[in-house]
*Asks:* 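Below you'll find the structure I mean.
Order of the sequence lines fixes the chain letters, A, B, ..., with proteins taken first and strands second; residue numbering starts at 1 for each chain.
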Amino acid sequence: MAISFGKGCHLHLIDGSAFIFRAFHALPPLTRKSDGLPVGAVSGFCNMLQKYIEGNSATHIAVIFDKGSHTFRNDLYDQYKANRSEMPEDLRPQIPLTRRATEAFNIACKEIEGYEADDIIATLARQAREAGGQCTIVSSDKDLMQLVGDGVDMLDQMKNTVIDREGVEAKFGVPPEKVVDVQALAGDSVDNIPGAPGIGIKTAALLINEFGSLDELLERAEEIPQPKRRQTLIDHAEQIRLSQKLVTLDDQTPLDFTLDDLEKRDPNPETLLGFLQEMEFRTIVKRISDYLGVEAPAMPDTNPAGAEPTAVEQPDFTEATYEAVSDMAVLDAWIARIHERGYVAVDTETTSLNEMQAELVGISLAVEPGHACYIPLTHKKSEADDLFAEEGLAEGQLELEAVLEKLKPVLEDDAILKIGQNLKYDWKILARYGVTVAPIEDTLLLSYALNAGLHQHGMDTLSERYLAHNPIPIKEIIGTGKSQITFDRVPIDKAVPYAAEDADITLRLWQVFKPQLHPKQVTTVYETLERPLIPVLARMEMAGVEVDRAVLHRMSSAFAQKMAQLEEEIHELAGENFKVGSPKQLGEILFDKMNLPGGKKGKTGAYATGADILEDLATEHDLPGRVLDWRQLSKLKSTYTDALQDHINPETGRVHTSYSIAGANTGRLASTDPNLQNIPVRTEEGRRIREAFVAPEGKTLVSLDYSQIELRILTQFADVPALERAFRDGEDIHASTASEMFDVPLDEMTPEVRRRAKAINFGVIYGISGFGLARNLRIPREEAQGFIDRYFERFPGIKDYMTETTDFAKKNGYVQTLFGRKIHTPEINAKGPTAGFARRAAINAPIQGTAADVIRRAMIRMEAAIADIPAKMLLQVHDELLFEVEEGHEDALIAAAREVMEGAHKPVLDLEVPLSVDAGQGRNWAEAH
DNA sequence: GAGTTCACG
DNA sequence: GACGTACGTGAACTCA
């Protein structure tokens, strides 16, 4: 029955082109199995449309596309969108497919020659509002934000967030009606809207808020206090008015259809499933068939004999059966199934995220998608059942020891793969219960090897992305904040679906990822650089490092005293009491009250008061220097001397960090809770904190670190003969660089010249820019650029490396380390400031990543190499390994560890430049480093 | 929870 | 003086 659009109706307008573009860049490059046709964006698009089939608030719906490249905006301004880059090769064939998809879903698909989708959307949104209905614009494009308000909102489908008036204000600093004014001033590099030079969104919002509107502002431009800004606005008034016309959406587009034509219609199952079948979207076909209650059409056989196995058909999550195991016979049956399969997905539930303190609460297992169980072990009785709930275990649980006795042989069985998501966690928990899990697979690491740089690798992310399923949030089970409970307090019936689902998801992800390793050529990376690291890191983390609480405590007290003194002096100098730790208040004191030179900046409009700014200001006044001293002490106290004491494990008396293997995109590890990779060393006061990291009685700390590993690797990548020679001859590399660049003989080198060369060497590793080097060296930008030009002239290989790496990234969407690790660079073809970031990251990633690979290889080999020495590897700090060794065996350890580290690249790689390792030893880390 | 600052390689 | 910039991280703090 047709209803006329009006009150109670809800129109959803999907910005088609924007969605596919974003889906294309956000999703992995999925191809149709039978012929390799790229269909990733189409699949993302269909996933989104599928939600409309299953039902939501929409009563009317349309997908709006752009049509034609010439619009009225080109008549106004011939440079409009002139810098748009070509559509990516793989996206082009997907555009017509998304139109077909829209039709197959029986959703209105609208476009009008000579009009941008945004204008059609504006017109429809206006009509919907005037008719008294609601409108949701499915897009995150900021150009559409001017339409928000009065029943119109926006939905970012990929982030699943709603953008309302508040959202627009947060983004633009002004309400939706004034967004065009801000955009007119700020301009837009993506669409090539000129705006006012030197004015960004923040400044624009400031001005509009002050003057009320753009017209008012331009009329009263003389009143702007800042001379430069005033002149800009006066000089560019014409251009700004033009920009305003360009960004203002036309809500009077002539339409050849009405709102009523957009009423939501049921799809024809045959047409829809036919299309999806043609695209070979198995999961969506299955889901929609189930939803429509029809039989899923057969899929073509896309896996002929001999071909690499591809995706596996998996049942829908709604059909999954998850059971609680409370009977030994049932457990036996599960174990029998595991033996039959040869693999099992495992997940442990515990009382804490801290693996060194967490107690096992239950274990879940999955052997095939949709079939998983949860074995509750130590859930507590609920308080409703028992006033003395503290003590008793809930009913219906098998005994922990008995279950572990049964499972241990399975978990340690060489013939059975144990699959986990972030298995290092479960490995450590089970190790504390006497079980050494092996052999292992980890879906987090599979995703990292396959997709580093594309997205994070947590279970929720992966499940949503690759299984189109949102797992039960842990918050729903244990709550949040103060009322959060530990998992052993969760009623068993509530724990089962959550815990079993995790194992199910893990198994399904494994089935998705594992077959991709080979085609994506990352099998070796996964098998030699990722997976073997799990037990190595687990043992290091469990070993921990001894920290002397008394030393830290003394330092904390001393810092507190000195800070109080400084605070008093600071207040005196400021002439008032304020929070020294508040950058906001400090900024107001320095720049508003004391009128020191320096200005507002940053996204929030707050004054920047970073160390570099305060250092510059220190010549003007005593206060900034005191604040710097105070800040240093505050940092040392709160982050180190205080916090580290809280991290001393009461049982072991040591500090146990946790390493994330997939934390950094480049292959580096990251250390958390606490971070032991950023213990101070650069200043004398800070370095003393390392005196608290000690060797126990009868032992010594030994530290070995790679010397200039990244520069050596860069030299290898770039093939720079002069640098190769300098490294081979064991020269001071920065001095050699300086000598080569500035034609100063080595024996006449001055510290200042060497310092500059050193800054350039580092800059090169970071994807140097004139701006960055100028800031670092505090010299004019032109001079810095001159240095860079000269550097490239002397070392042309470096320039080539940079160009080749950037080109490779643009072509392939990733860069690679010398060991084959892939780091994806999805933003490399972006426009605007993002492009610079992406380019520098792409240049840096192979260098940083290769160094990370080298030390990973060393760590993996280390245990066997030092097996006969009474020593343990404790910490890794990117290019350094810290060991604890029994006294008398220091030299043996250093010799063995050095051999492993210096030869870590072999045998797969020959290096023109040798790797070199420095060693130190002592009673504490300060002495050893 | 975002933004700022600062500790490390 | 600023369209924003050295690469990669994690933690503590302030403030909305």
*Asks:* Counting distance alone, no hydrogens or angles: does the base of B/dG9 have a donor or acceptor under 3.5 Å from a partner atom on the side chain of A/Arg682?
*Replies:*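 Indeed there is one.
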*Asks:* Generate the contact string for nucleotides 11-16 of chain C. Rules: B means base contact, S means sugar-phosphate contact only, - means no protein heavy atom under 4.0 Å.
*Replies:* BSSSSS
*Asks:* Between the side chain of A/Asn844 and the main-chain N/O of A/Ile765, is any donor-acceptor distance below 3.5 Å?
*Replies:*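 Yes; judged by distance alone, with no hydrogens or angles, the pair exists.
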*Asks:* Rounded to the nearest angstrom, tell me the gap between atom CG in A/Leu881 and atom C1' in B/dG9.
*Replies:*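 Value for this atom pair: 13 Å.
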*Asks:* Pairs counted as Watson-Crick or G-U wobble with both distances under 3.5 Å: what dot-bracket string results for DNA chain C, using | for bases tied to another strand?
*Replies:* ......|||||||||.
*Asks:* Just how far, in rounded Å, is C1' of C/dC3 from CG of A/Asp188?
*Replies:*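 Distance, rounded to whole Å: 11 Å.
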*Asks:* Taking only the side-chain heavy atoms of A/Leu773 (C-beta and beyond), determine which of B/dG9, C/dA6, C/dG10 contains the nearest atom.
*Replies:*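 Selected nucleotide (nearest to the side chain): C/dA6.
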*Asks:* Just by distance, no angles: are the side chains of A/Asp143 and A/Gln183 close enough, under 3.5 Å, to form a donor-acceptor pair?
*Replies:*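 Their side chains do contain a donor-acceptor pair, which is all the 3.5 Å distance test asks for.
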*Asks:* Assuming nearest nucleotide by heavy-atom distance, tell me which of A/Pro197 and A/Gly772 is located more 5' along DNA chain C.
*Replies:*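 Nearest nucleotide further toward 5': that of A/Pro197.
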*Asks:* I'd like to know if the side chain of A/Gln848 pairs up with that of A/Thr666 as donor and acceptor (distance under 3.5 Å, no hydrogens or angles considered).
*Replies:*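 Yes, a side-chain donor-acceptor pair sits under 3.5 Å.
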*Asks:* Taking all non-hydrogen atoms of both residues, which atom of A/His647 and which atom of A/Asp673 are closest, and how far apart?
*Replies:*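 What the structure gives for the nearest pair is CE1-C, 3.7 Å.
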*Asks:* In whole angstrom, what separates A/Arg856's CZ from C/dG8's C1'?
*Replies:*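 Those two atoms, CZ and C1', are 13 Å apart.
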*Asks:* For A/Arg781, which contact category applies under a 4.0 Å heavy-atom criterion: base, sugar-phosphate, or nothing?
*Replies:*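 Result for A/Arg781 = base.
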*Asks:* Taking atom types as modelled, is there a side-chain donor on A/Asp592 or A/Tyr607 under 3.5 Å from an acceptor on the other?
*Replies:*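 Distance-only check passes for A/Asp592 and A/Tyr607.
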*Asks:* Using a cut-off of 4.0 Å on non-hydrogen atoms, how would the nucleic acid contact of A/Ile765 be classed: base, sugar-phosphate, or nothing?
*Replies:*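 Since no nucleic acid heavy atom lies under 4.0 Å of A/Ile765, the category is nothing.
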*Asks:* Salt bridge check: are A/Glu685 and A/Lys635 linked by an N-O gap of less than 4.0 Å?
*Replies:*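 Looking at A/Glu685 and A/Lys635, the cut-off is not met.
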*Asks:* Can you tell me the distance, in whole Å, between the CD1 atom of A/Ile689 and the P atom of B/dC6?
*Replies:*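 One finds 16 Å between P of B/dC6 and CD1 of A/Ile689, rounded.
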*Asks:* Would you say A/Tyr706's side chain and A/Met901's backbone share a donor-acceptor pair under 3.5 angstrom?
*Replies:*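 Yes, A/Tyr706 side chain to A/Met901 backbone: donor-acceptor pair under 3.5 Å.
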*Asks:* Is it the case that over 12 heavy atoms from other parts of the model lie below 6.0 angstrom from the CZ atom of A/Arg687?
*Replies:*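 Yes, CZ of A/Arg687 has more than 12 neighbouring heavy atoms, counting only those of other groups under 6.0 Å.
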*Asks:* What's the NZ-P distance between A/Lys758 and C/dC7, to the nearest Å?
*Replies:*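 Answer to the nearest Å: 19 Å.
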*Asks:* Among B/dG9, C/dG10, C/dT5, find the nucleotide with the atom closest to the side chain of A/Val681.
*Replies:*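 Selected nucleotide: B/dG9.
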*Asks:* Whole angstrom is fine here: how far is it from CG in A/Leu628 over to P in B/dT4?
*Replies:*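 A/Leu628 atom CG is separated from B/dT4 atom P by 18 Å.
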*Asks:* Say we look at C/dG4 and B/dC8: how far apart would their P atoms be, to the nearest angstrom?
*Replies:*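 Pairwise P distance, C/dG4 against B/dC8, rounds to 28 Å.
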*Asks:* Do A/Phe787 and A/Tyr791 have their ring centres less than 6.0 Å from each other?
*Replies:*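 Not under 6.0 Å, so no.
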*Asks:* Hey, does A/Gly836 reach any base, or is it just sugar-phosphate, or nothing, if we go heavy atoms under 4.0 Å?
*Replies:*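 The answer is nothing, as A/Gly836 stays clear of every strand by at least 4.0 Å.
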*Asks:* So, is A/Arg668 close to the C/dG8 phosphate, meaning a side-chain N or O under 4.0 Å from OP1 or OP2?
*Replies:*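 For A/Arg668, the contact criterion (side-chain N or O under 4.0 Å from OP1 or OP2 of C/dG8) is not met.
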*Asks:* Do side-chain atoms of A/Tyr659 reach the backbone of A/Gln876 as a donor and acceptor pair under 3.5 angstrom?
*Replies:*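 Yes: the side chain of A/Tyr659 pairs with the backbone of A/Gln876.
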*Asks:* Counting the atoms with a prime plus P, OP1 and OP2 as sugar-phosphate, which does A/Ala608 contact under 4.0 Å by heavy atoms, base, sugar-phosphate, or nothing?
*Replies:*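 Sugar-phosphate: the residue A/Ala608, judged by heavy atoms under 4.0 Å, touches backbone atoms but no base.
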*Asks:* How far, in whole Å, is B/dA7 from C/dA2 if one measures between their P atoms?
*Replies:*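 Between the two P atoms, the distance is 28 Å.
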*Asks:* Does the side chain of A/Thr609 come under 3.5 Å of the side chain of A/Arg631 through a donor N or O and an acceptor N or O?
*Replies:*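 Yes, because at least one side-chain N or O of A/Thr609 sits under 3.5 Å from a partner of the opposite role on A/Arg631.
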*Asks:* When you compare C/dA16 with C/dA12, how far apart are their P atoms, in angstrom units rounded to a whole number?
*Replies:*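 22 Å, rounded to whole Å.
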*Asks:* Would you say A/Arg775 places a side-chain N or O within less than 4.0 Å of OP1 or OP2 belonging to C/dA6?
*Replies:*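 Answer yes for this pair, as a side-chain N or O of A/Arg775 is under 4.0 Å from OP1 or OP2.
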*Asks:* Check every atom of C/dT5, C/dC3, C/dC7 against the side chain of A/Ala841 and return the nucleotide holding the closest atom.
*Replies:*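 Taking heavy atoms from C-beta onward, the closest nucleotide is C/dC7.
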*Asks:* Considering just the side-chain nitrogens and oxygens of A/Thr609, establish if one lies under 4.0 Å of OP1 or OP2 belonging to B/dT5.
*Replies:*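 Indeed, a polar side-chain atom of A/Thr609 lies that close.
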*Asks:* Using a strict 4.0 Å threshold on nitrogen-to-oxygen distance, state whether A/Asp616 and A/Arg778 make a salt bridge.
*Replies:*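 Looking at A/Arg778 together with A/Asp616, the answer is yes, because their closest N to O distance falls below 4.0 Å.
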*Asks:* Applying a 4.0 Å non-hydrogen cut-off, can you work out what A/Ala835 is touching in the nucleic acid: base, sugar-phosphate, or nothing?
*Replies:*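 No contact at all - A/Ala835 keeps every heavy atom at 4.0 Å or more from the nucleic acid.
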*Asks:* In whole angstrom, give the distance that lies between atom CE of A/Met802 and atom C1' of C/dT5.
*Replies:*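 Taking CE of A/Met802 and C1' of C/dT5, I get 14 Å after rounding.
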*Asks:* Under the criterion side chain to side chain contact (heavy atoms under 4.5 Å, CB included), I'd like the reasoning laid out for A/Trp925 against A/Ile689: C-alpha separation, chi angles, the key distance, then a yes or no.
*Replies:* CA-CA 9 Å; A/Trp925 199 2; A/Ile689 290 170; over 6 Å; no
*Asks:* Reading DNA chain C from 5' onward, which residue's closest nucleotide shows up sooner: A/Ile613 or A/Gly663?
*Replies:*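 Between the two, 5'-proximity favours A/Ile613.
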*Asks:* Identify whether any heavy atom of A/Asp879 sits under 4.0 Å from a base atom; if not, whether one sits that close to sugar-phosphate; answer base, sugar-phosphate or nothing.
*Replies:*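 Sugar-phosphate, no base atom in range.
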*Asks:* Side chain of A/Arg631: nearest nucleotide among C/dG4, C/dC7, B/dC6?
*Replies:*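 Of all the options, the side chain of A/Arg631 is nearest to B/dC6.
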*Asks:* Heavy atoms only, 4.0 Å cut-off, all strands: where does A/Ile679 land among base, sugar-phosphate and nothing?
*Replies:*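 Sugar-phosphate contact only.
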*Asks:* Contact class for A/Ala186 (heavy atom, under 4.0 Å): base, sugar-phosphate, or nothing?
*Replies:*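 Here A/Ala186 touches no strand at all.
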*Asks:* Checking A/Thr817 side chain against A/Pro846 main chain: does a donor-acceptor pair fall under 3.5 Å?
*Replies:*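 Not at all, since once roles are kept as given, no pair shorter than 3.5 Å links the two residues.
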*Asks:* In whole angstroms, how far is the P atom of B/dG9 from the OH atom of A/Tyr659?
*Replies:*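 After rounding, the gap between these two atoms is 13 Å.
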*Asks:* Near DNA chain B, under 4.0 Å by heavy atom, which residues of residues 702-716 of chain A?
*Replies:*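 Contacts with DNA chain B under 4.0 Å: none.
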*Asks:* Say you pick atom P in B/dC6 and the same atom in C/dC3; how far apart are they, in whole Å?
*Replies:*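 Straight-line distance between the two P atoms is 24 Å.
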